[in-house]
Structures are given as C-alpha cells and as structure tokens.
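Following: one structure in structure tokens, then a few remarks.
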There are 2 protein chains.
Amino acid sequence: MIRCIKCEQVDMIMKAGFVRGKQRYLCKECNFYFTLPTPTLPSAIHPKRRRHQTTIIDIARTLGVSNSTVSRALHGHPDISPETRQLVLDTATQLDYQPNQLAYSLVKSLTNTIGIIVPEFFTPFFPNVIVGVQEVLSQAGYHLIIMQSSESYDTEVGNTKAMLANRVDGVIASLSLQTNNYEHFKALEKRGIPIVFFNRVCQELNGPKVVVNDFGGAFKAVEHLIQNGYRRIAHLGGPPNLVISQERLRGYTSALQKHGFDIHPELIIHSDLTAQKARIYGQYLLDMETPPDAIFAVNDPTAIEILILAKSRGLRVPEDLGVVGFSDDPIAAHIGNGLTTVRQPTHLMGKITAEMILKLINEEEEQWVPEAKVLETELIIRGSSVRESYDAVFNEANR
Amino acid sequence: MIRCIKCEQVDMIMKAGFVRGKQRYLCKECNFYFTLPTPTLPSAIHPKRRRHQTTIIDIARTLGVSNSTVSRALHGHPDISPETRQLVLDTATQLDYQPNQLAYSLVKSLTNTIGIIVPEFFTPFFPNVIVGVQEVLSQAGYHLIIMQSSESYDTEVGNTKAMLANRVDGVIASLSLQTNNYEHFKALEKRGIPIVFFNRVCQELNGPKVVVNDFGGAFKAVEHLIQNGYRRIAHLGGPPNLVISQERLRGYTSALQKHGFDIHPELIIHSDLTAQKARIYGQYLLDMETPPDAIFAVNDPTAIEILILAKSRGLRVPEDLGVVGFSDDPIAAHIGNGLTTVRQPTHLMGKITAEMILKLINEEEEQWVPEAKVLETELIIRGSSVRESYDAVFNEANR
DNA sequence: TTGTAAGCGTTATCAC
DNA sequence: GTGATAACGCTTACAA
C-alpha cells in the first residue's frame with residue numbers, strides 16, 4: 001500500500017514508470033510525482049547495478065548511521081565519537097570504499113587538479129619542466145592533467161575548453177607557435193581561473209609568467225663567440241611572434257653592438273625551432289657569398305642540425321665554424337666535441353611555476369604576486385666554439 | 001503564510017534556521033522539516049555566489065523553459081523544435097556557458113578520461129609513447145591524465161588510488177622498478193576498470209599488454225656483435241624483476257648459445273637502468289682480469305655511459321670494445337661514431353596501447369581482446385660495433 | 001555526537 | 001515538443 005509523501009493519500013496513487021531502477025508514483029490527489037525514499041534496511045542491495053562502487057551511503061546503511069556521520073568520520077571531523085569513527089573507518093576498508101572525487105569536486109567547486117598545456121613533447125625541455133611542476137603539485141595534493149597543443153592554435157583552444165569543462169583549479173601554459181590570439185586564455189581569466197605562463201609567454205596577457213633571461217643568455221653566448229675571434233656571426237632565430245625569439249635576438253644584437261660590430265640583417269634568419277627548417281636555412285647561410293664564421297642558434301635541435309650540416313660539408317668545427325645553441329639538451333654534451341649552449345634551469349622553472357599557481361589559488365584576497373619571474377641561465381662552454389688562440393689574444397687585449 | 005508540504009497544516013509552522021541561504025521550517029503537527037521549493041521565477045538570482053559559472057538552469061531561467069529542454073537542445077536531441085534549439089544555443093553562447101564535465105561524469109559514471117602511469121620522464125621513451133597515446137585518445141574524445149610513479153612503489157599505489165578516486169574510464173600503466181606486488185592493479189580490475197600495461201609489464205596480471213619483442217631485439221644485437229668478431233660479450237642488464245630485463249637477457253644467452261659460446265655468469269650483471277649504476281658496473285667489467293671485448297647494455301643511457309667510460313680509459317670503440325644499446329634514443333645517432341642500438345617503435349606502441357584501452361572500454365560483452373601485442377624491433381647499426389674485417393671473415397666462414 | 005535535508009550541475013524517465 | 005522530478009555521491013548548516 002503506497003501513501004503519497006505529500007498529501008498522505010492512499011487511494012489516488014498511480015504507478016508512473018521507473019526512474020533509475022526505482023518505481024515512480026503519481027498522486028492523483030495532489031498531482032505530485034514521487035518515488036519512495038530508499039529503504040534504510042541494512043541489507044538493501046541495489047539489484048541491477050553492475051559494478052557498483054561502494055559509497056558513503058553503503059557504509060551508513062551497513063552501520064545503521066547517517067551518511068553525514070560517515071562523511072565526518074572519513075574526514076576526521078572533530079565532532080565525532082572515537083568509536084563511531086573507528087567503526088566507520090573499519091567498514092570503509094572492509095567494503096573497499098574509494099571516495100568519489102567527482103562528487104566531492106561538484107559540491108566543493110574544487111577539483112584539486114591543475115591543467116598544463118605544452119606545445120610539444122619531443123625535446124626534453126617540456127618533459128623536464130613537467131617533472132618539476134609535478135614534484136611541487138603532488139606534494140601539495142594536486143593532480144596534473146597534461147595536454148599538448150602540438151604547436152596548433154586550434155588544438156590549444158580546444159585544450160583550454162577542456163580545462164574549463166573539467167573545472168581545473170588552475171592552468172599552466174606555454175604557447176604554441178601558431179598562437180597570436182589570446183581570447184581563449186582571457187576566457188579562463190574571466191572565470192577567475194588562475195593562469196601562469198612559462199617559457200613561451202605573451203606580453204598581451206598580464207598574468208604572472210616564469211621565463212629565463214633569454215636576453216642575457218643570448219648575450220653571453222654571442223659575446224663568447226666574439227671572444228673566440230668569430231667576426232661574422234649569424235643568428236638562426238625562432239618565430240618572431242614568440243617572446244623567446246625576440247629576446248634572444250635582442251641579446252644577439254646587443255652583444256654585437258657592445259663590441260662594435262655591425263648588424264647584418266642578411267645574417268638574421270627567422271625559422272621555426274625545428275631541425276628540418278634549420279637544415280634549409282643552414283644550407284642557405286653556408287652557401288652565401290661571404291658565409292658566416294659562426295652561428296648562434298635559437299635552440300639546441302637547430303644548432304645540432306648545423307653541426308651535422310657542417311660535418312657533411314667538411315667544415316671544421318670550431319676552426320671554420322663556431323656554433324652555439326640554447327637549452328643544453330642532454331645530447332649537446334655528447335655530439336662531436338660537445339656543443340656550447342645556454343643552459344636553462346628547466347626543473348627549477350617547473351617548480352617555480354607550480355609554486356606560483358598554488359599561491360594564486362590559495363590567496364584569499366588579491367595578495368601581491370610577482371608579475372614575472374626571470375630565471376638565470378648559464379653558458380656551458382664546449383668544443384663547438386672554443387678557439388684557444390683567439391681566446392688568448394682577446395683576453396690579452398682586454399687586460 | 002506557510003503551509004506544511006507534508007500535512008498541509010498552516011498554524012503549527014515554526015521557522016527553523018537557514019539552509020544554504022533558504023529559510024527552513026518545522027511543522028509541529030507532523031514533526032517534519034522542510035524548505036519551500038525554489039521559486040521558478042525567471043529573475044531568481046543566486047545572491048551570494050562569487051564567480052558563478054553559467055549553468056543549464058541559468059539558460060533555462062532566462063528563456064523561461066525547463067532545464068530538460070535546455071539539456072536536450074545542447075545535445076542535439078531529436079525531440080526538440082528547431083526554434084527552441086537555436087534559442088537555447090544562442091543564449092548559451094551569449095551567457096558564455098561551459099558544460100560542467102564533473103556533473104556530467106557524476107550522473108553518467110563516465111569521465112571520458114584515461115589515466116596513464118609511467119615510471120619516469122627523463123629518457124625520451126615514455127614521452128614518445130605518450131605522444132602516440134594522446135594522438136589516438138584525443139581523436140576519440142578522451143582526455144589523458146598523466147601520473148609519474150618516479151620508480152617508486154608507494155607512489156604508484158598512490159597513483160592508482162587517485163585514478164580510482166577520479167573515476168577514470170581506463171588505465172594505461174608501465175610498472176616502476178620497485179613494483180613486486182600487484183594488488184593495487186588488481187583493485188582496479190576488481191572494479192571493472194580496464195587496464196592495459198605496456199613495456200614494463202608483469203606476468204602475474206593477465207590483462208592485455210603491449211610490449212616489444214625484447215627477446216628478438218636482444219638476440220639480433222648480440223648476434224650482430226658475434227658477427228663482428230667479438231668473443232667475450234658481457235651483458236649489462238636491468239633489474240631481474242622486470243620482464244624486459246628477463247627477455248633481453250634471454251635473447252643474449254640464446255644468441256650466445258646458438259653460436260656455440262659459453263655463458264659466463266660473471267659477465268652478466270643486473271643493474272637498474274641508470275647511468276650512475278652503469279658507470280660503477282662498467283668500471284667493474286673493464287677492470288676484470290679478462291675484461292669483455294663487447295658489452296650489450298639493457299638500454300641506451302647505460303650504453304652511452306659505457307661509451308663515455310671507454311673513452312676516458314683510452315679504449316677504442318669499436319676496435320677494443322664493442323657496444324650495443326637498446327631504445328635508439330635520439331642521442332644514440334650522434335654520440336661518438338654512433339651507438340648501435342635496438343630501435344623500439346615507441347610512437348606506435350602508444351597508439352596501439354590507446355586503441356586497446358578504447359576497445360576494452362567500448363566492448364559490450366567480453367569480446368575477444370588479444371592477450372599481448374608484441375611489436376617488432378629494428379637493429380640500428382652504427383659505429384660502436386662494426387669491425388669491417390671481422391664482419392668479412394665471419395660472413396666468409398658462413399657462406 | 002548524530003540526523004535531516006539541501007544543493008552542486010547534469011541526465012533520464014515518464015506524463016502531458 | 002516540453003515540463004516535472006529523481007538520481008548521481010558527496011558536504012554541510014542547522015537542529016536535536
């Protein structure tokens with residue numbers, strides 16, 4: 001005999017289909033739809049659910065307590081008797097309970113998840129940064145969901161949408177090569193989701209950024225080439241829209257200017273960071289009427305391609321051609337007599353980026369957060385750029 | 001005037017605090033607590049929620065329709081008039097609506113997320129596999145949540161717990177060095193979460209696996225050394241608990257046996273895949289009374305360490321010492337005269353693993369899924385192992 | 001210390 | 001074609 005839970009009527013009840021496996025009723029008296037409250041019997045079993053995961057309700061039922069009690073016990077809430085608490089904990093392990101993070105996140109509007117968008121995974125740079133990020137985040141109890149833009153603007157937009165849909169608590173990003181429009185990141189900002197950019201940043205967005213001193217690194221690299229007697233130094237640069245390209249180019253020109261060299265625009269090439277393009281532009285440079293005697297490349301993969309190209313042409317490195325890269329990829333130490341390069345603190349970069357995003361998430365009011373953190377680079381001098389004699393001469397002259 | 005929603009009484013109603021900003025009442029007649037159902041007024045505003053994300057209900061309210069209508073419109077359900085549909089879609093973009101994947105996942109018990117657990121990120125192997133995985137998964141509309149065990153058993157257990165809590169639809173995993181107990185993976189299985197192991201698999205779990213033919217690769221490598229006249233070939237192996245170590249060792253011994261060589265247990269070393277240990281064991285091997293004239297290393301980082309060690313000792317490679325690695329890391333092509341190594345199809349491995357997990361997720365009944373997929377390897381012959389004269393002699397003798 | 005019930009944002013079922 | 005309502009699994013304010 002079914003009684004309407006609203007008007008207590010008994011006679012005017014009609015069956016009205018099933019909802020999620022439970023009989024549904026309609027009270028014709030008060031025109032009210034309802035299902036019967038789930039019976040609180042300890043042995044109540046969901047009959048037709050496959051692979052049912054244990055919930056706090058299951059624990060509550062087997063113990064004959066309310067789900068709030070269970071919730072409190074599970075979270076070590078102070079207002080609960082030690083006995084109940086232990087009882088709950090025991091049955092939880094007994095029933096192999098695993099909390100449902102989804103339900104938690106839904107109710108708390110917190111996912112404890114940070115999203116990171118990186119352009120690629122092929123050079124060791126981004127994986128290394130991620131290692132640093134993850135170290136800090138997992139310590140703080142956050143998960144990391146990693147997405148690749150694959151250097152595509154459209155994919156990057158999709159990534160940010162997915163971040164939004166999954167309600168990540170914060171986003172870490174490094175821009176794709178194609179990205180020139182930043183609306184998708186502004187959409188995140190607008191919703192109050194903190195973002196920290198690293199490495200491939202953009203000046204248009206005024207959030208916090210973590211970068212290395214690209215200018216300084218490039219400056220040191222080119223000055224080092226000058227000190228080794230190279231006089232016609234080319235720059236195989238990156239795409240002009242990236243700040244790292246701009247800064248490294250600026251370092252290059254500044255170093256030349258400081259030492260009284262002219263800037264030759266024909267020796268400045270804008271490429272795309274890949275070895276394929278480096279090969280083409282490298283050929284072009286070395287085929288010039290007056291080819292350069294040194295090349296400062298925007299990153300290690302392109303520098304290595306130049307090294308390979310030089311070898312195939314019978315050019316001696318460093319005698320005929322000096323080469324300096326940027327990144328200190330592991331391979332740089334081992335290729336030929338070693339590639340001189342600018343080392344970036346990738347791991348540290350990851351850690352600092354992660355710390356920044358955590359700070360942004362946890363700040364109550366608008367605390368002060370540094371606009372941009374600039375990490376220092378280190379010039380690692382190896383065989384591809386050291387011409388002993390010149391170095392001596394130069395240092396002599398400067399003393 | 002408040003009426004009890006249960007007994008319809010009007011006089012015995014008392015105010016009884018607030019719940020989530022709504023007045024709560026107690027009916028003294030039937031002793032029933034209740035709040036008034038949320039008014040369906042179009043202009044009802046959540047008064048005190050900061051950073052409120054637009055929901056389906058907001059759209060419904062502004063349009064004066066029900067949320068089911070909105071839901072249907074957003075999902076392109078057939079039973080909806082084109083006008084309403086367009087109206088909903090328009091206001092959705094207007095209000096900048098972003099679906100809440102959490103709520104969706106909660107109700108559907110589907111997250112559209114796959115978790116992957118990898119031991120490390122330092123060698124290019126795992127990043128490369130991940131690239132392949134992600135290619136397939138993102139095509140299928142799945143996200144990837146990446147976790148690192150950092151070669152630690154405890155972290156790996158934590159990772160699986162987190163996967164469970166986040167209710168991922170499937171798990172891809174490669175075991176940590178420390179892992180000897182597989183209960184945490186069995187716990188996933190028990191809950192019906194599909195798992196696919198790759199590369200570092202374990203025989204105890206009988207789920208699907210994707211591996212390369214480690215045996216065959218090792219066999220080819222060692223046979224190649226024999227053909228180049230090396231007669232005392234050592235094996236710098238991996239940890240004995242990993243199947244890859246076992247298989248590569250098996251390939252090593254089989255190749256020796258096939259060519260009538262004795263197995264010298266003192267030439268078989270179990271290390272841990274790292275360059276640090278490789279240095280120590282490498283020293284040990286080269287310091288032997290009768291040192292080996294060739295070393296087959298379990299992976300490239302260790303092989304490269306041997307190369308460096310040999311150089312520092314003035315040993316000529318390949319004349320005095322032959323070296324073969326396993327993986328074909330990018331660096332292998334460039335170090336010294338090149339490192340001979342066994343190439344693994346990392347990208348393909350990722351793609352196949354991803355396809356397998358998708359198949360497992362989508363299969364209705366227990367469809368047949370291959371137990372294990374074995375991918376072929378390729379021996380990449382470079383300078384570290386080719387002694388022309390010996391090769392000729394050997395081939396002569398075998399003709 | 002424990003219980004009650006709302007609500008987080010969705011989907012699904014049935015009635016109309 | 002549209003609306004009403006429950007349910008997904010959890011936290012929490014308030015009352016007892």
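Values below: every heavy atom of this structure, side chains too, minus hydrogens, waters and symmetry copies. Chain A is the first sequence line, chain B the second, and so forth, proteins listed ahead of strands; every chain is numbered from 1.
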Just distance, no hydrogens or angles: give the donor-acceptor pairs under 3.5 Å from side chains in residues 157-168 of chain B, sequence neighbours left out.
| residue | atom | partner | partner atom | Å |
| --- | --- | --- | --- | --- |
| B:Asn159 | ND2 | B:Thr155 | O | 3.4 |
| B:Thr160 | OG1 | B:Val157 | O | 2.6 |
| B:Asn166 | ND2 | B:Ala162 | O | 2.8 |
| B:Arg167 | NH1 | A:Pro99 | O | 3.3 |
| B:Arg167 | NH1 | B:Leu164 | O | 2.8 |
| B:Arg167 | NH2 | A:Gln98 | O | 3.2 |

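- The side-chain contact (heavy atoms from CB on, under 4.5 Å) search around B:Gln139 returns none, not counting sequence neighbours.
- A donor-acceptor contact closer than 3.5 angstrom is absent between the side chains of A:Ser71 and A:Ser68.
- Put simply, B:Lys108 has no side-chain N or O that comes within less than 4.0 Å of OP1 or OP2 on D:dA7.
- The distance from atom CG of A:Leu110 to atom C1' of D:dT12 is 14 Å, rounded to the nearest whole Å.
- At C:dT10, one or more side-chain N or O atoms of B:Tyr97 fall inside 4.0 Å of OP1 or OP2 (strictly under the cut-off).
- Checked against salt bridge (charged side-chain N to carboxylate O under 4.0 Å, His left out), A:Glu135 has the following partners two or more places apart in sequence or in another chain: A:Lys351.
- One atom, OH of A:Tyr104, and another, C1' of C:dG7, lie 16 Å apart when rounded to the nearest Å.
- Rounded to an integer number of Å, the gap from A:Leu106 CG to D:dA7 C1' is 12 Å.
- For the helix from C:dT1-D:dA16 to C:dC16-D:dG1, the angle separating the two terminal helix axes comes to 40°, with each axis derived from five pairs and the value rounded to 10°.
- In this structure, B:Gln53 atom CD and C:dC8 atom C1' are separated by 12 Å, rounded to whole Å.
- Spacing between atom CD of A:Gln101 and atom C1' of D:dC8 amounts to 15 Å, rounded to whole angstrom units.
- Taking B:Gln148 as the reference, A:Val131, A:Gln134, B:Val118, B:Phe121, B:Ser150 meet the side-chain contact (heavy atoms from CB on, under 4.5 Å) condition, with sequence neighbours excluded.
- Screening residues 80-89 of chain B for side-chain hydrogen bond (donor to acceptor under 3.5 Å, both in side chains) gives B:Ser81-B:Thr84, B:Gln86-B:Asp90 as the qualifying pairs, with residues at least two apart or on separate chains.
- Side-chain N/O atoms of B:Thr69 include one lying less than 4.0 angstrom from OP1 or OP2 on D:dG3.
- With values rounded to the nearest 0.5 angstrom, A:Leu188 atom CG is found 5.0 Å from A:Ile193 atom CD1.
- The side chain of A:Ser66 places no N or O atom within less than 4.0 Å of a non-bridging phosphate oxygen (OP1 or OP2) of C:dT4.
- Scored by the salt bridge (charged side-chain N to carboxylate O under 4.0 Å, His left out) test, A:Asp96 finds B:Lys190, B:Arg191 as partners (sequence neighbours excluded).
- Within residues 73-95 of chain B, the residues that place at least one heavy atom under 4.0 Å from DNA chain C are, in residue-number order, B:His75.
- Residue contacts shown for B:Ser68 include a base, since a base heavy atom lies under 4.0 Å away.
- Nearest to the side chain of B:Asn67, among D:dG9, C:dA5, C:dT10, sits C:dT10.
- Shown here are the ring pair (Phe, Tyr, Trp, His ring centres under 6.0 Å) partners of B:Tyr182, two or more places apart in sequence or in another chain: there are none.
- Rounded to an integer number of Å, the gap from A:Asn166 CG to C:dG9 P is 15 Å.
- Relative to the side chain of B:Val107, the nucleotides D:dT11, C:dG3, C:dG9 differ in distance, and C:dG9 lies closest.
- Taking 3.5 Å as the limit, the base of D:dG3 and the side chain of B:Arg72 contain a donor-acceptor pair of atoms between them.
- Residues A:Ser149 and A:Ser152 bring no donor and acceptor atom of their side chains to less than 3.5 Å of each other.
- Between B:Asn100 atom CG and C:dG7 atom P there is a gap of 17 Å when expressed in whole angstrom units.
- Look at CZ on B:Arg61: it is 14 Å from P on D:dG3, rounded to the nearest Å.
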